[in-house]
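Okay, so here's the structure we're looking at.
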Amino acid sequence: MAAPELNSLMDDVVEEILLRLPPDDPSCAVRASLVCKRWRRLLTDDPCFQRRYRAFHRRRARAPPPLLGFIHHVSDDQHPGAPTVSRFVLTTAFRPAEPERRRGWWWPIDCRHGRALFHSAGEGLAVWDPMAGDVRWQQEPRIPASDCMYSTAAVACAAPGCDHDHDHGDCGGGPFVLVFVAVDERHETASAFSCSSETGEWSSAPSTVHLDRDVLAGGAVHFLTDYGRTVLRYDLAKLELSAIEPPEVHSDVLLTTTEGGDLGLAILDDQRYLRLWAWAADHGVTRRWVRRRVVDLFAELPFLQHVLPLNLTGFDEGTGMIFFQASDGDYAIDELMSSPRAKKLWGRDNFSNVFPYRSFYVHSNSLRRRLT
């Protein structure tokens, strides 16, 4: 029988080995968990090891969790009456657990903190955890049809102590909050409701704001009303909605974030100029729109002149990549570089929005599902 000191030493060595499993290849964790019960327990049942794993790779890469895929919406222009489809495009060996879908189509409207949010016709909102395959259904708040011209929603982590500005690596399977925003027919008033996953109930009274205001404070989730006419900000701590007038009114506009974490906007102007703005503090006192940069896409990426029209389709908070659609397919552009580069993601497939999915794959429910 081995001495206790030797057993302890071997356990430490095993953990150091498993810590170095690549974070962007889930198959490695699956194979390692089949070696023995000890390895499987570390990878599936030991929360301390899982926290060490995420912290280890954050320190090494100085980056958010790895990109495991894209969630996007696809429509069929040749058959306008055909149902729309949501797809998960893989970028690694990760295979998401397919959700149990009810009838009707799913329209992706948000993806953050390891969860994806969909609207399903006639069924309400569906919160999907691709790691575990769990789906949480929630009916939308009751709003008279005459009071709602436009609506959208967002999902955010509500786990206490989670680092909400970085990786959300420790909040999988934890509590979350839904925020539902509706704009009235005259585009004069916006109302926001919040719902905790722990109660399953929407707030009894909405937070309402008139769309001619210009206020901002605290950490929150953001929404863009139709045609980019107003930016809405919902404070998750105060449960308050506020409105910010954008610097320019334009139909092709995208919410972004800056390197410092400030709210940003990407505006595509005249199918050529990418105008980047930030809602930044002015001498540390008040906030205002500051133009960060104007990118002449035809000058930086001449091939785009031949694949018009262009449409903005998504943004990756983890890397600052902006996604856009051209006539020959979908691209990603790194707007943080002094000389932007474009990477073609896939061929033409009629995408209307793209949501990157980032997460650490070491998750007990995910591995258990793969091993059964």
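Just so you know, residue 1 is the first one in the sequence shown, and it goes up from there.
Counting heavy atoms from C-beta outward, W289 and L265 have side chains that approach closer than 4.5 Å. Contact check for L236 versus V179: side-chain heavy atoms found under the 4.5 Å cut-off. Contact annotation: the side chain of I71 never approaches that of V89 to less than 4.5 Å [non-hydrogen atoms, C-beta and beyond]. For the pair L276 and I322, the minimum side-chain heavy-atom distance is below 4.5 Å. Proximity of F324 to L304: side-chain heavy atoms (C-beta onward) are separated by under 4.5 Å at one or more points. With contacts defined as side-chain heavy-atom distances shorter than 4.5 Å, the pair D252/L310 does not qualify. Annotation: side chain of F180 is not in contact with side chain of Y234 (no heavy-atom distance under 4.5 Å). At a threshold of 4.5 Å between non-hydrogen side-chain atoms, the residues H72 and F88 do not count as touching.
Closest approach of S191 to P206, counting heavy atoms only: CB-CB, 4.0 Å. Taking each heavy atom of C111 and P356 in turn, the nearest pair found is SG-O, 3.6 Å. Pairing each heavy atom of V209 with each of A243, the nearest pair is CG2-N, 4.1 Å. Contact record, A116 with F118: CB-CE1, 3.7 Å, taken as the closest heavy-atom pair. Nearest approach of S33 to L43, heavy atoms of both residues: N-CD1, 3.7 Å. Nearest heavy-atom pair across E123 and Q139 is O-NE2, 3.2 Å.
With hydrogens and angles ignored, the 3.5 Å screen pairs a side-chain donor or acceptor of N353 with a backbone N or O of P108. Of the possible polar contacts, none joining the S120 side chain to the W106 backbone as a donor-acceptor pair under 3.5 Å is found. In this structure, T257 contributes its side chain and E317 its backbone to no donor-acceptor pair below 3.5 Å. D330 places no side-chain N or O within 3.5 Å of a backbone atom of L345 that could act as its donor or acceptor partner. Without hydrogens or angle criteria, D316 side chain to M321 main chain gives no donor-acceptor distance under 3.5 Å. Judged purely by atom type and a 3.5 angstrom limit, R112 has no side-chain atom pairing as donor or acceptor with the backbone of A156. The backbone N or O of S197 sits less than 3.5 Å from a side-chain atom of R136, completing a donor-acceptor pair. In terms of modelled atom types and a separation under 3.5 Å, the side chain of D129 and the main chain of R115 share no donor-acceptor contact. Y53 contributes a side-chain N or O that, together with a main-chain N or O of L21, makes up a donor-acceptor pair within less than 3.5 Å. Formation of a donor-acceptor pair under 3.5 Å by the H119 side chain with backbone atoms of L125 is not found in this model.
E300 and R272 are not joined by a salt bridge, as no carboxylate oxygen comes within less than 4.0 angstrom of a charged side-chain nitrogen. Using a 4.0 Å cut-off between charged nitrogen and carboxylate oxygen, E15 and R20 do not count as a salt-bridge pair.
Connection of L274 to V290 is not established within any shared hydrophobic cluster, with ILVMFWY side chains joined at heavy-atom distances below 4.5 Å, either directly or through further cluster members. Under a hydrophobic-cluster definition in which Ile, Leu, Val, Met, Phe, Trp and Tyr are linked whenever side-chain heavy atoms come within less than 4.5 Å, directly or via other members, V294 and W279 are assigned to different clusters.
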**OP:** Could you walk me through whether F176 and C157 pass the side-chain contact (heavy atoms from CB on, under 4.5 Å) test, one step at a time?
**Re:** CA-CA 4 Å; F176 60 86; C157 174; 5.8 Å; no
**OP:** Please assess K343 against D334 for the test salt bridge (charged side-chain N to carboxylate O under 4.0 Å, His left out), listing each intermediate value before the final yes or no.
**Re:** CA-CA 9 Å; K343 176 183 178 182; D334 188 349; over 6 Å; no
**OP:** Show your working on side-chain contact (heavy atoms from CB on, under 4.5 Å) between F49 and V14 and close with a plain yes or no.
**Re:** CA-CA 11 Å; F49 171 79; V14 167; over 6 Å; no
Subject >> Residue pair L178, L117: steps toward the side-chain contact (heavy atoms from CB on, under 4.5 Å) verdict >> reply: CA-CA 9 Å; L178 291 175; L117 178 63; 3.9 Å; yes
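Here the two rings, on Y273 and F298, have centers that are 6.0 Å apart or farther. Aromatic pair F323/F355: ring centres not closer than 6.0 Å.
Counting heavy-atom neighbours within 6.0 Å of Q271 CD, excluding the residue itself, gives a total above 12. Remark: R38 CZ is packed, more than 12 non-hydrogen atoms of other residues, nucleotides or ligands lying under 6.0 Å away.
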